[in-house]
Asker: 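Quick one: this structure, given as C-alpha cells, is what I'll be asking you about.
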Amino acid sequence: MHMVRKKMVFGVIIGVRGFFNPQLAVGDRAALSALLDDLAIECVTLPPEATPSGAIETVADAEKLAALFRSRRDDIDGVVVVLPNFGDEQAVAETIKLSGLDVPVLVQASNDDIDKVDLAGRRDAFCGKLSVCNNLRQYGIRYSLTSTHTCDVAGPVFRRDVEDFAAVCRVVRGLRNAKIGMLGVRPAAFQTVRCSEKLLQASGIKVIPVDMSVIIAAAQSVDTAGREYADKLEAVRAYGHIDPKATPEQVEKQARFAVAVDRFCLEQDLDATVVQCWNALQNHFGCAACMTMSMLGEELKPSACEGDMAGAVAMLALALARQTPPALLDWNNNYGDEPDICVNTHCGNYPASFLGVKPDIGNLDVLGASIGPDLCFGAVKGKVQPGDMTYFRISTEDTGGYIKGYVGEGEFIDKRFDMAGGIAVCRIDRLQKLMAVLCANGFEHHVAMVRGRTARVVHEATAKYLGWRLYWHNMPDSADIPML
C-alpha cells in the first residue's frame, strides 16, 4: 500500500469527566468532525448515543471504543485524543491499550474561556492533559503533543497540528510497511553507502533485491510494438528538453529500461527503489538510469542512486511527509567564503518538480567522459529553483545495533554555479556546525532533500515512534524537550 496516496483514518477519543458540563464535549466533537471532514480524514469513533455523554468517561466506555478500534485495526493510522474538559485519564489509556493499536497518538486539551469558569463553563483540560499524558507514559504508549498546551478544536493552531500529525502517521505507517527494491549491487567504489538490511527490517522496512542482469534482460525483451512501450516512449520524449545530439536509439533504450523497471516495481509492489546506476547498465545495455529514476520520483516512488539503500529510506520518509517528490544529492562544494552556503549536486536523477523547471536530458558528464557518451544518455540536468527545503539522512550503526540520522531545514537560493548536472545552491543556518556533526558521526556524503519545511514531522515520526537516534539541526527551543 502506497501511503502517499492513501486516505487517512483516525481513531478519535473524546475524553470527559462526569461532573463537568457534557455540552462542552458535544461542541468539541462537532468541531472535530467538521475539521476532519474538511481535511478528508475519516473519523472512527462511537456514535453519540453509545455512551451517556457521547464521549469516553469510564472503563466500560473504553471497552466499547476499543472494540470498535480493533475492528478497524488495519485501517486506523493514528489516534486523536480530545479533552473538552479534564477527562478521565484511565479511560483514555485503557481505550488505546485494549485496542491493541500501535500507532501515533495526538493529545489535545481545550482552552478555558476566562469569562466562563463557573461550574457550567469550566473545562480544567489544562490540568487534565497532564494526567492523561502521565497515564499514557505509565502504559508505555507513545504520544505527540499539540503546539500549545491547550488550544481550540476549531482554531488554526489545532488545524495545523492535525495536518502535521497526519503527515507523522503517513511516515510511520509508510516506513513500517515499506518495500524497497534494490536493482543491482552496490558499486564497488561506494563503500560509504553500506547499510544493514536487518536493522531496516527491525523497523518494518523490507529490501527486495534483483540482479541488474535480470532488469537488463527484461529491457531487451520489451515488445516495442506494444502499447506499454509506446506510452512510455511518449512520456520519455515529453519529460524534458532532449539533447538534439541524442539518437533515436538512445531515447528508445531509455524507454525500454523504464518499462522494465516499472514492471518490477509493480510486480513487487515497491514503495521505492535503489539502483546500481553505474556502470553495469551503461556497459551492458547502453543507457543511464537517471531519467527512469527521475520519472519514478515524480510518481512519488523515490529512487536512490549508487546503491544507497539508506538514502532511499530517507527519500521515502520525505515523500510520505510532504507528498511531493524528493531527490538524493551529494554535499558537494563550498560556495566561496560563504560559511552558510554550499552546493549540492548529482549527475542527474532529480524529479522535474523537485528542480522546479522542465529539465534538460542529455548524457552523464563524469561517467560519459570515462566510458563514452554514447553509453550514457538519460541524465536529467538543471538548476534547482529557489524555495524552502528540508534535508534528511539516516545511517545504520551496525556494530551498535541502531539507526541514526539527522534532519533540518534550509533553502534553495538563486546563485550562480557553473557545474554540469543537477545543481542546488543551498543556504543553511550554522552550516559549519552541521558539517562538523556529519563528519564526527561518520555520515555519508549523500542526503535526501524535498521542497518545503517538514523537519518537525520527520523528527517526530522517526525519533519518537520508530526509535531512531536523530540530530535535529536548528531545532526550535519549543521542541527541545528533554526526556527523563
Asker: In Å, rounded to the nearest 0.5 Å, how long is the span from OH of Y406 to OG of S395?
Answerer: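 Reported value, rounded in 0.5 Å steps: 9.5 Å.
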Asker: Any heavy-atom pair between the side chains of P326 and F392 that's under 4.5 Å?
Answerer: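 SC-SC contact between F392 and P326 ruled out.
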Asker: Looking only at the side chains, is there a donor atom on one of H346 and D330 sitting less than 3.5 Å from an acceptor on the other?
Answerer: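 Their side chains do contain a donor-acceptor pair, which is all the 3.5 Å distance test asks for.
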Asker: Can you name the closest pair of heavy atoms from I141 and A93 and give their distance?
Answerer: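 Looking at all heavy atoms of both residues, the closest pair is CD1-O, 3.9 Å.
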Asker: Between G311 and A448, what is the shortest heavy-atom contact and its length?
Answerer: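 Smallest heavy-atom distance, with atoms named: O-CB, 4.4 Å.
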Asker: Can you sort out the partners of D37 under salt bridge (Lys or Arg N to Asp or Glu O under 4.0 Å), two or more places apart, ordered by chain and number?
Answerer: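 With sequence neighbours excluded, D37 shows a salt bridge (Lys or Arg N to Asp or Glu O under 4.0 Å) to no residue whatsoever.
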Asker: Could you tell me whether W331 and F443 have their ring centroids closer than 6.0 angstrom?
Answerer: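 No - the distance between ring centres of W331 and F443 does not fall below the 6.0 Å cut-off.
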Asker: Which atom pair, heavy atoms only, marks the closest approach of W278 to L367?
Answerer: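 That closest heavy-atom pairing would be CB-CD2, 3.3 Å.
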Asker: Donor-acceptor pair, distance only, cut-off 3.5 Å: does the side chain of E298 make one with the backbone of A352?
Answerer: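 It does hold such a pair.
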Asker: Please step through side chain to side chain contact (heavy atoms under 4.5 Å, CB included) for the pair D77 and K6, ending with a clear verdict.
Answerer: CA-CA 10 Å; D77 301 299; K6 177 185 177 294; 2.8 Å; yes
Asker: Does CD belonging to Q385 count more than 12 external heavy atoms closer than 6.0 Å?
Answerer: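 Atom CD in Q385 is packed in, count exceeds 12.
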Asker: Run the salt-bridge test on E228 and R263 with the 4.0 Å N-O cut-off and return the result as yes or no.
Answerer: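 Salt bridge: yes.
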Asker: Less than 4.0 angstrom from a charged side-chain N to a carboxylate O is my criterion; do K7 and E42 meet it?
Answerer: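 Looking at K7 and E42, the cut-off is not met.
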Asker: Is there a side-chain contact between N349 and V380 in this structure, where contact means two heavy atoms from C-beta onward sitting under 4.5 Å apart?
Answerer: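 No. Closest side-chain heavy atoms not under 4.5 Å.
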Asker: Compare every heavy atom of P302 with every heavy atom of A319, then report the nearest pair and how far apart it is.
Answerer: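 Residues A319 and P302, closest heavy atoms: CB-CG, 4.0 Å.
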Asker: Would you say R256's side chain and Y229's backbone share a donor-acceptor pair under 3.5 angstrom?
Answerer: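 Checked: no pair found.
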Asker: Within a strict 4.5 Å, meaning less than it, do heavy atoms of the R160 and S147 side chains meet?
Answerer: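 They are not in side-chain contact.
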Asker: Q108 vs D161, test: side chain to side chain contact (heavy atoms under 4.5 Å, CB included). Steps then yes/no.
Answerer: CA-CA 10 Å; Q108 178 271 355; D161 286 337; over 6 Å; no
Asker: Could you go through I96 and Y139, starting from their C-alpha distance and side-chain angles, then the distance that decides it, and tell me whether this counts as side chain to side chain contact (heavy atoms under 4.5 Å, CB included)?
Answerer: CA-CA 9 Å; I96 300 172; Y139 280 58; over 6 Å; no
Asker: When you compare the side chain of E411 with that of P386, does any pair of heavy atoms fall below 4.5 Å?
Answerer: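 SC-SC contact between P386 and E411 ruled out.
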Asker: Is it the case that over 12 heavy atoms from other parts of the model lie below 6.0 angstrom from the NZ atom of K404?
Answerer: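 It does: K404 NZ has more than 12 such atoms within range.
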Asker: K179 vs D269, test: side chain to side chain contact (heavy atoms under 4.5 Å, CB included). Steps then yes/no.
Answerer: CA-CA 7 Å; K179 292 195 287 186; D269 191 29; 3.6 Å; yes
Asker: Is there a donor-acceptor contact under 3.5 Å from the side chain of K464 to the main chain of R142?
Answerer: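 No: the side chain of K464 does not pair with the backbone of R142.
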Asker: Checking Q254 side chain against C287 main chain: does a donor-acceptor pair fall under 3.5 Å?
Answerer: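 No, because the side chain of Q254 does not come within donor-acceptor range (under 3.5 Å) of the backbone of C287.
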Asker: Sub-3.5 Å donor-acceptor pair from the side chain of E306 to the main-chain atoms of C277, do we have one?
Answerer: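 No: the side chain of E306 does not pair with the backbone of C277.
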Asker: Using 0.5 Å steps for rounding, measure from the CG atom of D262 to the OG1 atom of T292.
Answerer: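 So the CG of D262 and the OG1 of T292 are separated by 7.5 Å.
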Asker: Under 4.5 Å between any side-chain heavy atoms of F354 and S294, yes or no?
Answerer: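 No, side chains not in contact.
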Asker: Between K383 (side chain) and K415 (backbone), is there a donor-acceptor pair under 3.5 Å?
Answerer: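 A pair under 3.5 Å: yes.
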Asker: Between D271 and K206, does at least one N-O distance fall below 4.0 Å, as a salt bridge requires?
Answerer: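 Salt bridge absent between D271 and K206.
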Asker: Of the non-hydrogen atoms in D308 and A304, which two are nearest, and what is the gap between them?
Answerer: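 D308 and A304 have their closest heavy atoms at O-CB, 3.5 Å.
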Asker: Please indicate whether R430 has more than 12 foreign heavy atoms, meaning atoms of other residues, nucleotides or ligands, lying under 6.0 Å from its CZ.
Answerer: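 Yes, enclosed.
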Asker: So do R176 and D102 actually touch side chain to side chain, heavy atoms under 4.5 Å?
Answerer: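 SC-SC contact between D102 and R176 confirmed.
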Asker: Can you tell me how far apart CG (L470) and CE (M475) are? Round to the nearest 0.5 Å.
Answerer: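 Rounded to the nearest 0.5 Å, the CG-CE separation comes out at 8.5 Å.
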Asker: Between atom SG of C265 and atom CG of L183, what is the distance when rounded to the nearest 0.5 Å?
Answerer: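 Nearest 0.5 Å value for the SG-CG distance: 7.0 Å.
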Asker: Identify the heavy atoms of T390 and G452 that sit nearest to each other, and give their distance.
Answerer: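 Taking T390 first and G452 second, the nearest heavy atoms are OG1-O, 2.7 Å.
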Asker: Taking side chain as C-beta onward, heavy atoms only, is Q250 less than 4.5 Å from N363?
Answerer: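 Result yes, sub-4.5 Å side-chain heavy-atom pair found.
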Asker: Given V82, which of V107, I13, L106, L32 fulfils the side-chain contact (heavy atoms from CB on, under 4.5 Å) condition?
Answerer: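 Exactly one pass, corresponding to L32.
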Asker: Please list, one pair per line, the donor and acceptor atoms closer than 3.5 Å that link side chains of residues 187-205 to other protein atoms, with sequence neighbours excluded.
Answerer:
unit_1: S196; atom_1: OG; unit_2: K198; atom_2: N; d: 3.3
unit_1: S196; atom_1: OG; unit_2: L199; atom_2: N; d: 3.0
unit_1: S203; atom_1: OG; unit_2: W468; atom_2: NE1; d: 2.9

Asker: Give, for atom NE2 of H446 and atom CD of E444, the distance between the pair rounded to the nearest 0.5 Å.
Answerer: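 One finds 9.0 Å between NE2 of H446 and CD of E444.
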Asker: For the pair R170 (side chain) and L320 (backbone), establish whether a donor and an acceptor sit closer than 3.5 Å, ignoring hydrogens and angles.
Answerer: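 Yes, R170 side chain to L320 backbone: donor-acceptor pair under 3.5 Å.
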Asker: Once you round to the nearest 0.5 Å, how far does OH of Y239 lie from NZ of K232?
Answerer: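 Y239 OH to K232 NZ: 10.0 Å, rounded to 0.5 Å.
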Asker: Tell me whether T146 contacts the main-chain N or O of T148 through its side chain, where contact means a donor paired with an acceptor under 3.5 Å.
Answerer: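 Checked: pair present.
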Asker: Does the side chain of L434 reach to within under 4.5 Å of the side chain of Y471, using non-hydrogen atoms?
Answerer: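 Answer yes - side chains close enough.
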Asker: Would you find a donor on one side and an acceptor on the other, under 3.5 Å apart, between the side chain of R451 and the backbone of P325?
Answerer: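 Side chain of R451 to backbone of P325, a donor-acceptor pair under 3.5 Å: no, none is there.
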Asker: Looking at R456 and E460, is any side-chain nitrogen of the basic one under 4.0 Å from a carboxylate oxygen of the acidic one?
Answerer: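 Salt bridge between E460 and R456, a charged N being under 4.0 Å from a carboxylate O: no.
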Asker: Is the side chain of H473 donor-acceptor paired with the backbone N or O of D429 at a distance under 3.5 Å, no angle test?
Answerer: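 Answer holds: yes.
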Asker: Tell me whether Q220 at atom CD has more than 12 heavy atoms from other residues, nucleotides or ligands lying less than 6.0 Å away.
Answerer: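 More than 12 within 6.0 Å, yes.
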